[in-house]
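In the text below, chain A, chain B and the rest are named by the order of the sequence lines, each starting its count at 1.
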Amino acid sequence: MNKKILLFDGLSIANRAFYGIPLLTNKEGRYTNAVYGFLNIMLSIIEKEKPDLVGVAFDVSAPTFRHIQCEDYKGTRKGMPQELREQIPLLKTVLRAMNIHMMEKEGFEADDLLGTLAKSGERDGYRMVVVSGDRDLLQITSETIELKIPKTKQQGTEIESYYAKDVEAKYEVTPLEFIDVKGLMGDASDNIKGVPGVGEKTAVKLIKTYGSIENLYEHIDEITQKKLKENLVTYKDQALESKMLATIVCDVPLEYTWDEFNLDLTLTEEAEELMKNLEFKKIIARLPRASANKPVEQVEVHTFNGLEEVTGGQVCAMTYAYEADTLELGLAFNSKVGRLSFNLTNTEEVQTLQNFFGNEEGLKVIHDSKQLRHILYPYHIEIKGQVFDTFIAAYLIEPTNETYEISEIADRFLGVQNVESTEGLLGKGKSMKAWLTLEDEVRIKFLTERAHVLDAAYAVLKKEIEDNQMEELFYNIEMPLVKVLFDMEVEGIKVDVEKLKAYGKELDALIENVAEKVYAAAGEAFNINSPKQLGVILFEKMDIPAVKKTKTGYSTAAEVLEKLKDGYPIVEDILAYRQYTKLKSTYVDGLLSVMTDEHKIHSSFNQTITATGRISSTEPNLQNIPIKLEMGKRIRELFIPSSEDYIFLDADYSQIELRVLASLADDQKLINAFNQNIDIHTLTASEVFHVPFEEVTPLERSNAKAVNFGIVYGIGAFSLSEDLKITQKEAAAYIEGYFEKYPKIKDYLDGCVSFARDHGYVQTIFNRKRDIPEINAKNFNLREFGKRKAMNTPIQGTAADIIKLAMVNVHRALQEEGLRSKVILTVHDELLLEVYKPEQEQVAKLLKEKMEQAVDLKVTLSVDVHSGSNWLAAK
DNA sequence: GGAGTGTGCAA
DNA sequence: TATTGCACACTCC
């Protein structure tokens, strides 16, 4: 079989792709649909046709010989939309990175290059396949030159294929005659005029009879239709010019060798980077890679027999699977891998595991060591010695990923794609129940492969940690914190269940009562919880003026209802209904649903979720327990120490984010104020509103407080005006006034934005990093959001670093001093401890000291410690 | 039953 | 058109 050459019409296919796919953008707001679609079409055809050589032809923006000879040529054609235009250079960059051969030639169109190459390839004995959306190219088809026209359809792409015989079958003329047909009928899209009054039917008939335009004019007298003949005669020059314009030049002077068209789709590093940025995950997955080193297959693997082989001093990577008293470990160390299964009801096996995990020697590489601790805990197996948690390391390096599955770590850090994921193995949404039903071989492969991945990933992650100067953050803060969080999760927090249930009943009565009032006012019963139904009742049936809309209908949010409640009593009842049902469903029922028999709640404290470094809390979220309103406070009141011998100590940082900001910005005025414990909101009010410190009114202070808050978030005048219910102009004046009084703050925040622009990320004092790719986006909203992240992240993130370090230090001090008191909760700038009463004084001192001395900033940190018999009382 | 939306709670 | 989260109810597929 002859070799096959595939030639693409670059712009034409990009154009098809652009209009066939919705306007996609990447995180930076860059349009990507035409590039994405082009690659899809190109790869599909390459995969199907398996060509030996490939090339892509482009038009050059300079005028072609056709423009020079005929100034109307393509005169009616509209320029391409900007969204497409800007993708063309991007497409070329991507193709270049993929080493796909491209060609263009000044003075000629892509059609001419394609025609020239097709004919030349044919002469050299190749089978030629030209891919274009342009039917003009039908004229170059032959027995060995095929034209493929992709049609972007709803599902997938359908491709029409033409050889010369297909052209004849469909159009009744040969490919060459096709040119003459077009010369006579013209082509509106290219502004080729042809002969007036001659359409496709007549043109085909004439050319079928006479073979060409020239021959037609030789026999012009044979035309019997008077009008047709008249037009042909009148527009003879135009017909000949049209033919010239429609003729694809097949002898463009080109210098090339077919070697240049060699095809190697192996993903280059450059192409991978580019496609990652463009978020072409499916395309990346489709391409073969150079670095595909499958760890398990590549390394010589010696299986081992028992845990005793893992002796001290070595790095041992492990994965685990647990289901109903059966623990299976996949281990990788010293070029050995293996999998061992343990029956945890057997005391000898438990002893083996206790020895193994209790060994202080060596380094244990574990993915999600907190979870493994939970698995081992009921069997009194404790993990000792140094742990390198790949879950945490991967998060520090890329804190905005959605998940950190081992299979993704293999992909991202080792360039290995085909590692089985838990979800892939067990099926979506399945629990570990299915694990033990799998074949032994499957389980062995799964665990050993993943252990091997961690073994290899360890070196890469370790180096990344070092390259990013995150050693202190990782080894001294995040890793020790894992154990702190584990202990907090195990300890849990006690809730007065009886009182919680009683409160639930109380709420039920209130809800029923207020619902009746709402139904009476509405004139019918409906679901108040449904924003849709509520919107209809309020804004249609009752004709209350709608203030704001959401993308699906009327907004019924509290801020909207607040504005309406004076004129419409029903609105106040709806707000009350919302408040009561919120408390009942989220807090009373929600908390009861996760309560243990010991009346305890064990939340999960997640260390790999937030973009800024904060800890998050789930099942339940204990970081959003109500505090502001009286009704809500009653929930907080029900969180109590686990026994009479204990009391709560609650410690919270005073204005930690503003202090961090003052320190980072090196603003002496703010630093002095904080160091002298001056009320910061009063100071801001005095500065911004030009009133003496002593004369600041409560309203002024509260407004200044809102300004201070806003500064930390990268506020705009609009939002501040909404918040304070003032005009945008006034709000803008506040912000301007603030920056005038604190110019260093402004410099600092601007500096954050420009740092992000230059580096693509921002960082905290402990070098915690967050990528902000959208900082250079073209889309205004996206870019502005990026700026706010750039301003807020170093502040919020540094505060997170500080409290995390404080938690580690407090936890360590409690252990070292042999105290019974325990940290049980963290809420971003607050720690809640359950304190053994005899230790109260000592712990209060220790707590305040460790928190205030966690780091050395330009500003002092101040911690308030309160005690109480419940969480509310301790605030 | 899962995904998306609206809503509301916290720092 | 202010940062970071999580959870609930409803709606639609």
K.L.:
Counting only non-hydrogen atoms, which of residues 568-586 of chain A are less than 4.0 Å from DNA chain B?
P.N.:
A/R578, A/K582

K.L.:
Side chain of A/N529, heavy atoms from C-beta onward: which of C/dT3, C/dA9, B/dG6 has the nearest atom to it?
P.N.:
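Among the listed nucleotides, the one closest to the side chain of A/N529 is C/dA9.
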
K.L.:
Applying a 4.0 Å non-hydrogen cut-off, can you work out what A/A706 is touching in the nucleic acid: base, sugar-phosphate, or nothing?
P.N.:
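A/A706: base contact, heavy atoms under 4.0 Å.
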
K.L.:
Would you check if there is a donor-acceptor pair between the side chains of A/N703 and A/E700 at a distance under 3.5 Å?
P.N.:
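Result is no, nothing qualifies.
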
K.L.:
Heavy atoms under 4.0 Å, any strand shown: does A/F780 hit a base, just sugar-phosphate, or nothing?
P.N.:
nothing

K.L.:
Do A/L622 and A/F639 make a side-chain contact, defined as non-hydrogen atoms from C-beta onward lying under 4.5 Å apart?
P.N.:
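When only atoms from C-beta onward are counted, A/F639 and A/L622 do touch, with a gap below 4.5 Å.
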
K.L.:
Would you say a side-chain N or O of A/S530 is under 4.0 Å from OP1 or OP2 of C/dC10?
P.N.:
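No, A/S530 has no side-chain N/O under 4.0 Å of OP1/OP2 on C/dC10.
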
K.L.:
Can you measure A/K789 atom NZ to C/dT1 atom P for me and round it to whole angstrom units?
P.N.:
13 Å

K.L.:
Between A/Y713 (OH) and C/dA2 (P), how many Å, whole number?
P.N.:
12 Å

K.L.:
Looking only at side chains, do A/S654 and A/D864 share a donor and an acceptor under 3.5 Å apart?
P.N.:
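No, A/D864 and A/S654 have no side-chain donor paired with an acceptor closer than 3.5 Å.
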
K.L.:
Given the side-chain rings of A/Y761 and A/F755, with only the six-membered ring counted for Trp, is the space between their centroids under 6.0 Å?
P.N.:
yes

K.L.:
How far does the P atom of C/dA2 sit from the matching atom of B/dG4, given to the nearest Å?
P.N.:
23 Å

K.L.:
What contact category does A/N527 fall into here, base, sugar-phosphate, or nothing, at under 4.0 angstrom with non-hydrogen atoms?
P.N.:
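The residue A/N527 makes sugar-phosphate contact but no base contact.
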
K.L.:
Looking across every strand, which nucleic acid part, if any, lies under 4.0 Å from A/S721 by heavy atom: base, sugar-phosphate, or nothing?
P.N.:
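Contact class for A/S721: none.
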
K.L.:
How about A/S407 and A/E405: does a side-chain donor come under 3.5 Å of a side-chain acceptor?
P.N.:
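There is such a pair (donor and acceptor under 3.5 Å, judged by atom type) between the side chains of A/S407 and A/E405.
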
K.L.:
With the threshold set at 4.0 Å, does a side-chain nitrogen-carboxylate oxygen contact exist between A/E637 and A/R634?
P.N.:
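A salt bridge is absent here (no side-chain N lies under 4.0 Å from a carboxylate O).
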
K.L.:
Quick test of your reading of the model: are A/K822 and A/D487 salt-bridged, counting only N-O distances below 4.0 Å?
P.N.:
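Salt bridge between A/K822 and A/D487, a charged N being under 4.0 Å from a carboxylate O: no.
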
K.L.:
Starting from P on B/dA11, measure out to OH on A/Y653 and report it in whole angstrom.
P.N.:
17 Å

K.L.:
Give A/T793 one of three labels, base, sugar-phosphate or nothing, depending on what nucleic acid heavy atoms sit under 4.0 Å from its own.
P.N.:
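Counting heavy atoms under 4.0 Å across all strands, no contact is made by A/T793.
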
K.L.:
Would you sort out whether A/E559 and A/K548 count as a salt bridge (Lys or Arg N to Asp or Glu O under 4.0 Å), showing the intermediate values?
P.N.:
CA-CA 10 Å; A/E559 56 173 86; A/K548 203 178 142 195; 3.6 Å; yes

K.L.:
Is it the case that the side chains of A/S603 and A/S617 hold a donor-acceptor pair, with the cut-off being a distance below 3.5 Å and no angle test?
P.N.:
yes

K.L.:
May I have the distance from A/Y554 (atom OH) to C/dC10 (atom P), rounded to whole angstrom?
P.N.:
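A/Y554 atom OH is separated from C/dC10 atom P by 21 Å.
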
K.L.:
Tell me the interatomic distance from A/K551, atom NZ, to B/dG4, atom P, rounded to whole angstroms.
P.N.:
11 Å

K.L.:
Find the distance A/F539:CZ to B/dG6:C1' and express it as a whole number of Å.
P.N.:
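It works out to 13 Å between those atoms.
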
K.L.:
Ring of A/F486, cation from A/K370 - is the NZ or CZ under 6.0 Å from the centre and inside 45° of the axis?
P.N.:
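Pair A/K370/A/F486 does not count as cation-pi.
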
K.L.:
Hey, which of these two, A/R770 or A/S593, hits DNA chain C nearer its 5' end, going by closest nucleotide?
P.N.:
A/R770

K.L.:
Heavy atoms within less than 4.0 Å of DNA chain C: which residues of residues 607-633 of chain A have one? Give them sorted by number.
P.N.:
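Contacts with DNA chain C under 4.0 Å: A/I609, A/T610, A/A611, A/T612, A/R614, A/S616, A/S617, A/T618, A/E619, A/N621, A/N624.
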
K.L.:
Can you see which heavy atom on A/Y580 is nearest to which on A/V514, and at what distance?
P.N.:
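Between these two residues, the closest heavy atoms are CD1-CG1, 4.2 Å.
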
K.L.:
Answer with base, sugar-phosphate or nothing: what part of the nucleic acid does A/Q533 contact at a heavy-atom distance below 4.0 Å?
P.N.:
sugar-phosphate

K.L.:
Send over the distance from A/R636 CZ to B/dA10 P, rounded to a whole Å.
P.N.:
8 Å

K.L.:
Indicate, with yes or no, if the rings of A/Y734 and A/F689 have centres closer together than 6.0 Å.
P.N.:
yes

K.L.:
Atom CD1 of A/I528 and atom P of B/dG6: how far apart are they, to the nearest Å?
P.N.:
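So the CD1-P distance, A/I528 to B/dG6, works out to 20 Å.
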
K.L.:
So, is A/Q796 near the phosphate of C/dG5, with a side-chain N or O under 4.0 Å from OP1 or OP2?
P.N.:
no

K.L.:
So among A/R783, A/K789, A/R788, A/K787, which one has a salt bridge (charged side-chain N to carboxylate O under 4.0 Å, His left out) with A/E774?
P.N.:
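Exactly one option meets the salt bridge (charged side-chain N to carboxylate O under 4.0 Å, His left out) with A/E774, and it is A/K789.
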
K.L.:
Using a 4.0 Å heavy-atom cut-off, does A/A717 contact any base of the nucleic acid, only the sugar-phosphate backbone, or nothing at all?
P.N.:
nothing

K.L.:
Starting at the 5' end of DNA chain C, what dot-bracket string do you get if Watson-Crick and G-U pairs under 3.5 Å are bracketed, crossing pairs use [ ], other-strand pairs use | and unpaired bases use dots?
P.N.:
..|||||||||||

K.L.:
Using only side-chain N and O atoms of A/T552, determine if any of them is under 4.0 Å from OP1 or OP2 of C/dT11.
P.N.:
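Checking A/T552 against C/dT11: no side-chain N or O falls below 4.0 Å of OP1 or OP2.
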
